[in-house]
S.K.: 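One structure is given below, represented as structure tokens, and several questions about it will come after.
Here is how names work: the chains are called A, B, and so on, in the same order as the sequence lines, proteins then strands, and each is numbered from 1.
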Amino acid sequence: MEVGYLELAIGSILISNFVLAKFLGLCPFFGVTRRISDSIGMGLAVTFVMTLASAITALVYRHVLLPTTDQHTNLLGLVGLPVPEGGYVLVLKTTSYILVIAGLVQFVEMVLRKNVPALYRAMGIYLPLITTNCAVFGVALLNTEAWRDPSKGLPVHLAAFNGFCGGVGFLLAMLLMSGIRERLAEERVPKALRGLPIAFLSAGLMALAFLGFSKLFGIAV
Amino acid sequence: MARPRDGREGTTVGLWQDFADKPIKNNTPFVVVLGLCPTLAVSTSVKNGVSMAAAATAVLVCSNVLISLIRRFIPNQIRIACYIVVIAGFVTMVEIVMKALAPDAINRALGIFIPLIVVNCIILGRAEAFASSHGPLSSLLDGLGIGLGYLLSMVLISGIREVVAAGMLWGYRLTPVVVAGRTIVPEYQPIAVLGMAPGAFILLGLLFGLFAWMSDRRREAVRRTGVAAAPQTAKDFPKPAKAAAQGGGAPGAGPAPAAPGA
């Protein structure tokens with residue numbers, strides 16, 4: 001079944017938000033949300049990388065890992081390399097994805113530094129941290145694994161869109177969290193709860209609010 | 001990168017210390033706040049939590065030993081990339097083994113969090129902070145110690161969540177307790193929200209708060225009695241900013257927030 005854009009967007013941003021419902025990308029969520037400006041920079045960088053990483057890993061999945069079918073060809077098979085019956089999904093998926101993401105992050109960093117210095121200054125310091133961000137790796141896995149048709153995964157354009165939406169959901173959660181934490185810094189919090197514990201409790205309340213989106217418009221994710 | 005040898009490396013005492021100060025004093029996630037994603041996501045039941053901890057520990061021990069063995073051959077500039085490849089290889093092995101041996105329900109519950117061990121900061125953190133500068137035996141013990149600490153935290157968190165959210169423990173229903181036809185403990189009314197996302201955040205927040213409070217009290221007691229300062233925590237993990245700077249754009253261990261109570 002083909003999934004619609006709107007359905008994907010609502011699903012990834014609100015219903016199963018990457019941070020608040022799927023627990024992906026928690027390190028930056030708690031680490032880089034002390035100031036709103038930081039969270040915007042990190043959120044934008046993650047959105048950018050998630051979009052690109054989703055597209056590339058979906059391509060890798062279809063044209064390197066999966067065996068040739070009538071819908072797509074395995075490029076390794078095309079150049080004459082042996083392709084086992086089930087493709088390379090089981091043995092190479094994790095390794096190839098992490099290498100793609102690590103390479104992509106390095107590449108984006110280089111391109112930005114050379115061509116768009118202003119943008120690099122704004123989000124450059126967050127880029128190295130993104131390689132080990134579970135949200136990026138997680139969206140790549142989810143796009144090609146746990147979707148409705150696990151043997152095929154999302155097609156490339158939808159995968160990229162899902163990555164973008166996941167990034168927007170991440171940005172939204174980061175923004176809300178940093179807004180809360182900027183206020184919390186001026187409040188009188190009990191000593192034991194200061195810092196991380198109160199941030200977790202706030203995140204819990206946010207997640208509770210996001211739980212209200214479940215089954216929104218009848219979309220099940 | 002090589003850490004100065006302090007004379008105890010390789011001795012029996014040294015080896016024991018490599019292991020012994022890890023489970024509690026360097027506990028993940030509670031002391032060094034790393035590896036939060038799987039901790040929150042799969043701690044819905046003790047079985048899931050223990051499986052996750054076992055998988056992570058297996059990867060951690062293997063990658064620690066291998067990285068320690070090849071540490072002299074890894075060029076310094078690309079060491080993080082090498083670590084990631086090593087870890088990814090072991091994760092793939094664990095993934096395949098789990099698919100073959102673990103029950104279907106566990107595999108479904110852990111889902112993408114098994115491949116996500118690759119980007120788990122704990123494992124990369126240990127490779128960078130310990131295995132890259134210690135011998136294989138020390139690194140093995142270090143992996144076991146950290147893994148044991150992770151297991152303990154997972155059992156604690158998932159135990160609370162399973163009991164409160166489902167009234168079960170290790171898959172067994174705890175209530176009602178009926179002895180000789182008489183109900184001693186009535187059927188428990190589960191608080192389902194603790195099994196869902198908000199409950200995980202709130203429970204972790206409360207536990208972090210509890211541990212911060214406990215360490216505050218201990219510090220207070222130490223100050224009053226004038227005993228030497230409380231043991232240093234988290235000393236073996238590098239500061240994320242420093243690690244990222246050293247790696248020249250290498251993935252740091254994530255911007256881990258300050259340890260609670262620090």
Side-chain angles (χ1 to χ4, degrees), chain A residues 20-32 34 42 90-99 101-102 105-106 109 125-138 141-142 145-146 190-211, chain B residues 33-42 80-81 84-85 87-89 91-92 95-96 99 111-113 115-116 118-121 124 193 196-214 216 240 244 247-261:
Chain A
L20 296 170
K22 287 194 191 128
F23 300 113
L24 293 170
L26 290 181
C27 289
F29 182 66
F30 288 113
V32 207
R34 292 215 180 77
M42 185 73 189
L90 198 57
V91 276
L92 274 185
K93 192 177 192 179
T94 309
T95 315
S96 61
Y97 283 12
I98 192 72
L99 288 179
I101 291 169
V105 170
Q106 287 281 331
E109 202 184 341
I125 51 165
Y126 305 108
L127 278 172
L129 303 171
I130 289 178
T131 313
T132 51
N133 185 337
C134 346
V136 179
F137 195 44
L141 291 167
L142 285 171
E145 187 172 69
K191 194 169 170 236
L193 290 181
R194 245 171 251 167
L196 200 58
I198 196 74
F200 265 87
L201 293 178
S202 322
L205 296 180
M206 278 166 64
L208 207 55
F210 270 70
L211 212 58
Chain B
V33 189
L34 292 178
L36 290 174
C37 303
T39 309
L40 273 82
V42 301
I80 301 284
I84 288 182
V85 173
I87 295 168
V91 168
T92 308
E95 233 182 311
I96 294 173
K99 278 219 170 77
I112 62 164
F113 284 94
L116 274 174
V118 177
V119 285
N120 192 323
C121 321
L124 201 60
V193 75
M196 295 191 274
F201 282 117
I202 289 172
L203 175 67
L204 258 273
L206 292 177
L207 285 176
F208 273 126
L210 176 71
F211 290 138
W213 179 72
M214 276 162 52
D216 262 3

S.K.: How close do W213(B) and A192(A) get, counting heavy atoms only, and between which atoms?
M.R.: CB-CB, 3.6 Å
S.K.: Measure the shortest side-chain to side-chain distance between L116(B) and L24(A) over non-hydrogen atoms and say whether it is less than 4.5 angstrom.
M.R.: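 Answer yes - side chains close enough.
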S.K.: Apply side-chain contact (heavy atoms from CB on, under 4.5 Å) to the pair F201(B) and L208(A), showing each step before the final yes or no.
M.R.: CA-CA 10 Å; F201(B) 282 117; L208(A) 207 55; over 6 Å; no
S.K.: Which heavy atom of A197(B) sits nearest a heavy atom of A207(A), and at what distance?
M.R.: C-CB, 4.3 Å
S.K.: Rounded to the nearest 0.5 Å, what separation is found between the CG atom of L196(A) and the CG atom of L36(B)?
M.R.: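 The CG atom of L36(B) is 7.5 Å from CG of L196(A), to the nearest 0.5 Å.
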S.K.: Taking the side chain as every heavy atom from C-beta outward, state whether T95(A) and V91(B) have any atom pair closer than 4.5 Å.
M.R.: no
S.K.: What part of I202(B) lies closer than 4.5 angstrom to a heavy atom of chain A: side chain, backbone, both or neither?
M.R.: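 Both parts, heavy atoms under 4.5 Å.
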S.K.: Can you tell me how far apart CG (L210(B)) and CG (L193(A)) are? Round to the nearest 0.5 Å.
M.R.: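 Result: 10.0 Å between the selected atoms.
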S.K.: Could you tell me which portion of A203(A) (side chain, backbone, both or neither) has an atom closer than 4.5 angstrom to a non-hydrogen atom of chain B?
M.R.: both
S.K.: Given that the side chain runs from C-beta out, which part of L206(B) has a heavy atom under 4.5 Å from chain A: side chain, backbone, both or neither?
M.R.: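 For L206(B), heavy atoms of backbone and side chain both lie under 4.5 Å from chain A.
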S.K.: Side chain from CB out, backbone as N, CA, C, O: work out which of these in L211(A) comes under 4.5 Å of a heavy atom of chain B, or both, or neither.
M.R.: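 Side chain only.
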S.K.: Apply the test side-chain contact (heavy atoms from CB on, under 4.5 Å) to residues L90(A) and K99(B): give CA-CA distance (whole Å), side-chain angles for both, the deciding distance (0.1 Å), then the verdict.
M.R.: CA-CA 10 Å; L90(A) 198 57; K99(B) 278 219 170 77; 3.9 Å; yes
S.K.: Which atom pair, heavy atoms only, marks the closest approach of C27(A) to C121(B)?
M.R.: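 Closest pair (atom of C27(A), atom of C121(B), distance): SG-SG, 3.6 Å.
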S.K.: Which heavy atom in F200(A) sits nearest to a heavy atom in G205(B), and how many Å separate them?
M.R.: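 Closest approach of F200(A) to G205(B): CB-CA, 3.3 Å.
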S.K.: For C134(A) and C37(B), work out which heavy atoms get closest and say how close.
M.R.: SG-SG, 3.0 Å
S.K.: As an exercise, state the distance from CD1 of I84(B) to CG of L99(A), rounded to the nearest 0.5 Å.
M.R.: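 Taking CD1 in I84(B) and CG in L99(A), the distance rounds to 8.0 Å.
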S.K.: With a 4.5 Å cut-off on side-chain heavy atoms, are F30(A) and V33(B) touching?
M.R.: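 The answer is no; the side chains never approach within 4.5 Å.
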S.K.: Any idea which heavy atoms bring T94(A) and T92(B) closest together, and the distance?
M.R.: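 Taking T94(A) first and T92(B) second, the nearest heavy atoms are CB-OG1, 3.9 Å.
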